[in-house]
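Encoded as structure tokens, the structure appears first; notes follow it.
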Amino acid sequence: MEDLKTPEEEKPVRSLNFIEEIIEEDIRNGLNESRVHTRFPPEPNGYLHIGHAKSICLNFGLGKRYNGKTNLRFDDTNPVKEDVEYVDSIMEDVKWLGFDWEDRLYYASDYFEQLYQYAVTLIRKEKAYVCDMSAEEMSETRGTPTRSGKESPYRSRSAEENIDLFARMRAGEFPDGSKVLRARIDMASPNMHMRDPVLYRILHAYHHRTGNQWCIYPMYDFAHGQSDSIERITHSICTLEFEVHRPLYDWFIREIGIYAPRQIEFARLNMTYTVMSKRKLLELVREGNVSGWDDPRMPTICGLRRRGFTPESIRNFAETIGVAKRDNIIDVSLLEFCIREDLNRRASRLMAVMNPVKVVIDNYPDDLVEEMEAVNNPEDESKGKRAMPFSKTLLIEREDFMEDPPNKFFRLAPGREVRLKAAYIIKCESVVKDLKTGEIEEIHCTYDPQTKSGMPESNRKVKGTLHWVSEKHAVKAEVRLYDRLFTKENPDDLAEGETYKDYLNSDSLKVITAMIEPAILNERELIPGVSDKFQFERIGYFSLDKDTSPGNLVFNRVVPLKDSWAKTEKVK
RNA sequence: UGUCCGAUGGUGUAACUGGCAACACAAAUGAUUCUGGAUCAUUAGAGUCUAGGUUCGACCCCUAGUCGGACAACCA
């Protein structure tokens, strides 16, 4: 083997993000024996979206990068909002994204007994008390960010009485809402979260894992940090809104006297032309603005999956957007770039006509059918070639013909020549129109037999190349053309009295019938989610939808191809 | 009239931790092309929120402002 000429080529190494910098510093300092252990802690009360994907990639990515571990933990402390349906979908989505929690699947509900004991510890230390105030009274006495709150009259109950009351809360002696357990901290704290926050509430509700075992449930704030502690998480990565909660988590950890994870907050993902809150996504589903959580227009992971996005493209997106603390709104075009980049090198090409118009080759034999050879993927020769039937009557895209075209129009027009991709050069001789509507019904052309693709004479230059299908061989398919869900770049940026729903894009879904070359039927793996993605040449990337049934193909448009012609047209 | 966080091209993230701002997307131009895709070249666009200060030197440190965000659920 030859010596390497240059000692160490300067590789274009990505610089560390601020979280990696903190972690590497901790490793250098030997914190937690230089161990790295993260977790992804969703609440099973909705489907995951692209913002969660960012967090998943971050947490699992950190685990992998530093030879550590990453847990999946469901923060299931509110039985009335949570459901196994969500648990299942979340696991499916994380797996689909390509991450593995191995044997570390946990639930905050696994820790309910431990959490109860922690609460008892606080009570013994007189750091927590049972409070009989109603929710309204509590909110009235909490004060405002600029005005301190009032102490509860129940604040000075003895430890004994509190322990007894808390036990009776657990035993089910009291109705919902009649009592809560609160921390005794500081009603005058400038941090609202430190004003004697609620630790436990009474909820006679069935829990998807613990059933009817409990009728008191810990609040998220009382469960989250301790759960991380129990799992010996080294770095608790979460979003910015929990920054203000950190002093409270630290207080719990300190007062209970348990292992302290380090919490680091980052800015959540926002994307143009969509909304990202679970509440709003749920609303869109419930109100029927979309067909469900996995509607291909939704920014949910299952929506993106159904739309035809690949896990690779989403992981690459997450890597590209980076992570920082400032508020951000990422341009969807970056997501689109990521999926185009991936599908460009992987998706097989096929010809499909979205809006067909008939082309008759007058000088082509009536009954002849030729097999044309078409390349499956010009980016990947190993994908080979396929046969395409060519006959006298073809279908091309209506937009590929103009009777009176501008100079820059490189497509078919009276007297002009174009190449039919993988076939012949044809010339437009005449046009047949509907007498009443003026709509073009047939374009009559002649072909040049010397110009068949691959023939020595075929290299004549023509300005345009069109995709086509043979009319009698083409296969019909339902094609769903998706556009952005909202017409406003930031649907959350609203004027008085507006709602994000005012900006729903009424044209976000168009359903058409397209004509696809028959090779589509030869695809052995026409199974949604497997090898089901194609580039329809000159149109875009498409993915087979699960609504497909034996005689009825259904495709989703993942993303259109970039179209610089459409762009120049638009400028005019 | 509080606490916490943030501020770098249109968008997002960098800048060897103090040495005269880079990368990706988006945009534009040209080449090339049997996809007006892809590819390849090239260009434009910020002088780093403002004002002071420290320093030989500041995006980076200090001070004071400005603007933006988060926090007042028995939600997470």
Side-chain angles (χ1 to χ4, degrees), chain A residues 12 14-17 21 41-43 45-46 75-78 80-82 131 133-135 138-139 142-149 176-182 189-195 197-203 217 219-221 223-224 239-247 265 267 272 278-279 320-338 340-341 344-345 349 351 374-375 378-379 408-411 418-423 425 451 453-454 458-459 461-467 535-540 560-568:
Chain A
R14 170 175 72 76
S15 49
L16 302 181
N17 64 49
E21 256 168 31
E43 184 195 13
N45 70 339
D75 274 342
D76 53 352
T77 55
N78 186 2
V80 305
K81 286 192 178 170
E82 295 152 9
C131 180
M133 285 200 292
S134 68
M138 272 188 55
S139 105
R142 192 169 1 253
T144 68
T146 54
R147 212 175 38 246
S148 66
D176 288 5
S178 59
K179 284 179 166 46
V180 293
L181 183 74
R182 299 176 73 176
S189 171
N191 183 338
M192 298 293 290
H193 299 279
M194 303 298 272
R195 322 245 262 228
V198 172
L199 269 32
Y200 268 87
R201 75 284 216 188
I202 301 171
L203 233 42
Y217 291 92
M219 299 292 291
Y220 170 85
D221 277 349
H224 187 82
T239 45
L240 246 31
E241 65 266 31
F242 294 105
E243 208 154 24
V244 221
H245 297 234
R246 184 159 22 103
E265 306 87 4
T272 55
K278 276 193 200 170
R279 197 206 95 225
T320 308
I321 58 177
V323 47
K325 291 188 80 161
R326 77 180 77 116
D327 291 328
N328 61 81
I329 176 158
I330 294 306
D331 200 325
V332 254
S333 63
L334 182 61
L335 218 211
E336 291 174 348
F337 166 81
C338 290
R340 284 196 190 103
E341 182 188 47
N344 176 49
R345 67 187 161 79
R349 315 286 126 126
M351 294 200 212
V375 174
E379 308 289 322
K408 291 274 203 173
F409 188 80
F410 298 156
R411 308 174 188 181
V418 292
R419 153 80 57 193
L420 291 179
K421 176 138 182 151
I425 291 175
T451 59
S453 288
S458 73
N459 282 331
K461 296 282 176 217
V462 284
K463 281 240 180 99
T465 301
L466 308 185
H467 61 279
Q535 184 198 101
F536 292 164
E537 292 217 41
R538 302 208 306 137
I539 306 289
L561 248 33
K562 284 221 268 181
D563 188 347
S564 50
W565 166 245
K567 207 180 282 175
T568 61

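Within every chain, numbering begins at 1; the chains are lettered A, B, ... in the order of the sequence lines, protein sequences first and strands thereafter.
When the salt bridge (Lys or Arg N to Asp or Glu O under 4.0 Å) test is applied to Arg411(A), the partners found at least two apart in sequence or on another chain are Asp400(A). With sequence neighbours excluded, the residues that form a side chain to side chain contact (heavy atoms under 4.5 Å, CB included) with Ala423(A) are Met372(A), Phe390(A), Leu420(A), Trp468(A). Here Ser15(A) pairs with nothing under the side chain to side chain contact (heavy atoms under 4.5 Å, CB included) rule; sequence neighbours left out. Legend: residues meeting side chain to side chain contact (heavy atoms under 4.5 Å, CB included) with Lys562(A), ordered by chain and number and at least two apart, are Arg340(A). For the ring pair (Phe, Tyr, Trp, His ring centres under 6.0 Å) test, no residue two or more places apart in sequence or in another chain qualifies with Phe410(A). For the ring pair (Phe, Tyr, Trp, His ring centres under 6.0 Å) test, no residue two or more places apart in sequence or in another chain qualifies with His467(A). Listed by chain and number, the residues in a ring pair (Phe, Tyr, Trp, His ring centres under 6.0 Å) with Phe409(A) are Trp565(A) (sequence neighbours excluded). Residues that satisfy the salt bridge (Lys or Arg N to Asp or Glu O under 4.0 Å) test with Arg201(A), not counting sequence neighbours, are absent from this structure. The side chain to side chain contact (heavy atoms under 4.5 Å, CB included) test applied to Asp176(A) returns Ile202(A), His204(A), not counting sequence neighbours.
Residue Leu420(A) contributes atom CG, which lies 10 Å from atom C1' of rC34(B) at whole-angstrom precision. rU39(B) atom P lies 11 Å from atom CZ of Arg340(A), rounded to whole Å. The separation between Phe410(A) atom CZ and rG37(B) atom P is 11 Å, rounded to whole Å. Nucleotide rA26(B) holds its P atom 14 Å from the CG atom of Asp563(A), rounded to whole Å. The CD-P distance, from Gln535(A) to rG36(B), rounds to 10 Å in whole Å. Summarising the geometry, the separation between CE on Met194(A) and C1' on rG2(B) is reported as 15 Å, rounded to the nearest angstrom. Distance Ile329(A) CD1 to rU11(B) P: 10 Å, rounded to the nearest Å. Computed from coordinates, the Glu243(A) CD to rG68(B) C1' distance equals 14 Å when rounded to whole Å.
When distances run from any side-chain atom of Pro378(A) to the nucleotides rG36(B), rU35(B), rC34(B), the shortest one goes to rU35(B). Of the listed nucleotides (rU35(B), rG12(B), rA14(B)), rG12(B) has the atom at the smallest distance from the side chain of Ile330(A). Checking rU1(B), rG12(B), rG37(B) against the side-chain heavy atoms of Leu561(A) singles out rG37(B) as nearest. Which of rG37(B), rC34(B), rA14(B) sits closest to the side chain of Ser564(A) comes down to rG37(B).
Comparing the same atom, C1', in rC71(B) and in rC75(B) gives a spacing of 14 Å after rounding to whole Å. For the P atoms, the distance from rA26(B) to rG37(B) is 12 Å, rounded to whole Å. Spacing between rU32(B) and rU39(B) at atom C1', rounded to whole Å, works out to 8 Å. Rounded to whole Å, the C1' atom of rA24(B) lies 34 Å from the corresponding atom of rG65(B). The same atom, C1', is picked in rU55(B) and in rA46(B); the two are 25 Å apart, to the nearest Å. For the P atoms, the distance linking rG53(B) with rG45(B) amounts to 31 Å, nearest Å. Comparing rC40(B) with rC23(B), their P atoms are spaced 15 Å from each other, to the whole Å. Comparing the C1' positions of rA44(B) and rA28(B) gives a spacing of 7 Å, expressed to the nearest Å.
The nearest pair of heavy atoms linking Arg326(A) to Ala267(A) is O-CB, 3.2 Å.
Close to rG2(B), at under 4.0 Å from its OP1 or OP2, lies no side-chain N or O of Ser148(A). Taking 4.0 angstrom as the limit, Lys325(A) places none of its side-chain polar atoms (N or O) nearer than this to OP1 or OP2 of rC4(B). Remark: Arg326(A) is in phosphate contact with rU13(B), judged by side-chain N or O atoms under 4.0 Å from OP1 or OP2. Phosphate proximity of rC34(B) to Lys461(A): present, with a side-chain N or O under 4.0 Å from OP1 or OP2. Residue Arg538(A) places at least one side-chain N or O under 4.0 Å from the OP1 or OP2 atom of rG36(B).
Interface remark: the Arg349(A) side chain does form a donor-acceptor pair with the rU35(B) base, using a distance-only criterion of under 3.5 Å.
Ion pairing of Arg246(A) with Glu265(A) is present here, as a side-chain N (NZ or NE/NH1/NH2) and a carboxylate O approach within less than 4.0 Å.
When heavy atoms are screened at a 4.0 angstrom cut-off, Gly46(A) is found touching no nucleic acid atom at all. Across all strands shown, Arg411(A) has heavy atoms under 4.0 Å from base atoms, whether or not it also approaches the sugar-phosphate.
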How does RNA chain B look in dot-bracket notation if pairs are Watson-Crick or G-U with both distances under 3.5 Å, crossing ones as [ ], other-strand ones as |?
.((((((..((((.....[..)))).(((((.......))))).....(((((..]....))))))))))).....
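In terms of position along RNA chain B, the nucleotide closest to Ala324(A) lies nearer the 5' end than the nucleotide closest to the other residue of the pair Lys421(A) and Ala324(A). Toward the 5′ end of RNA chain B lies the nearest nucleotide of Val323(A), the other residue of the pair Phe536(A) and Val323(A) mapping further downstream.
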What string of B, S and - do you get for nucleotides 15-25 of chain B, 5' to 3', if B is base contact, S is sugar-phosphate-only contact and - is no contact with any protein heavy atom under 4.0 Å?
S-B-------S
Reading nucleotides 70-76 of chain B from 5' to 3' and marking B where a protein heavy atom lies under 4.0 Å of the base, S where only the sugar-phosphate is that close, and - otherwise, the string is SSBSBSB
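One side chain, Ser333(A) or Asp331(A), offers a donor N or O that lies under 3.5 Å from an acceptor on the other.
In this structure the side chain of Pro378(A) reaches within 4.5 angstrom of the side chain of Arg349(A), judged on heavy atoms.
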Between Glu43(A) and Lys81(A), is a salt bridge (Lys or Arg N to Asp or Glu O under 4.0 Å) present by the stated rule, with each step listed?
CA-CA 9 Å; Glu43(A) 184 195 13; Lys81(A) 286 192 178 170; over 6 Å; no
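Annotated as syn: rU17(B), whose glycosidic dihedral is within 90° of 0. In this structure rG10(B) sits in the anti conformation; its chi angle is more than 90° from 0.
Ring geometry for His224(A) against Phe242(A) counts as parallel: the plane angle stays under 30°, on a 0 to 90° scale with 60° as the upper cut.
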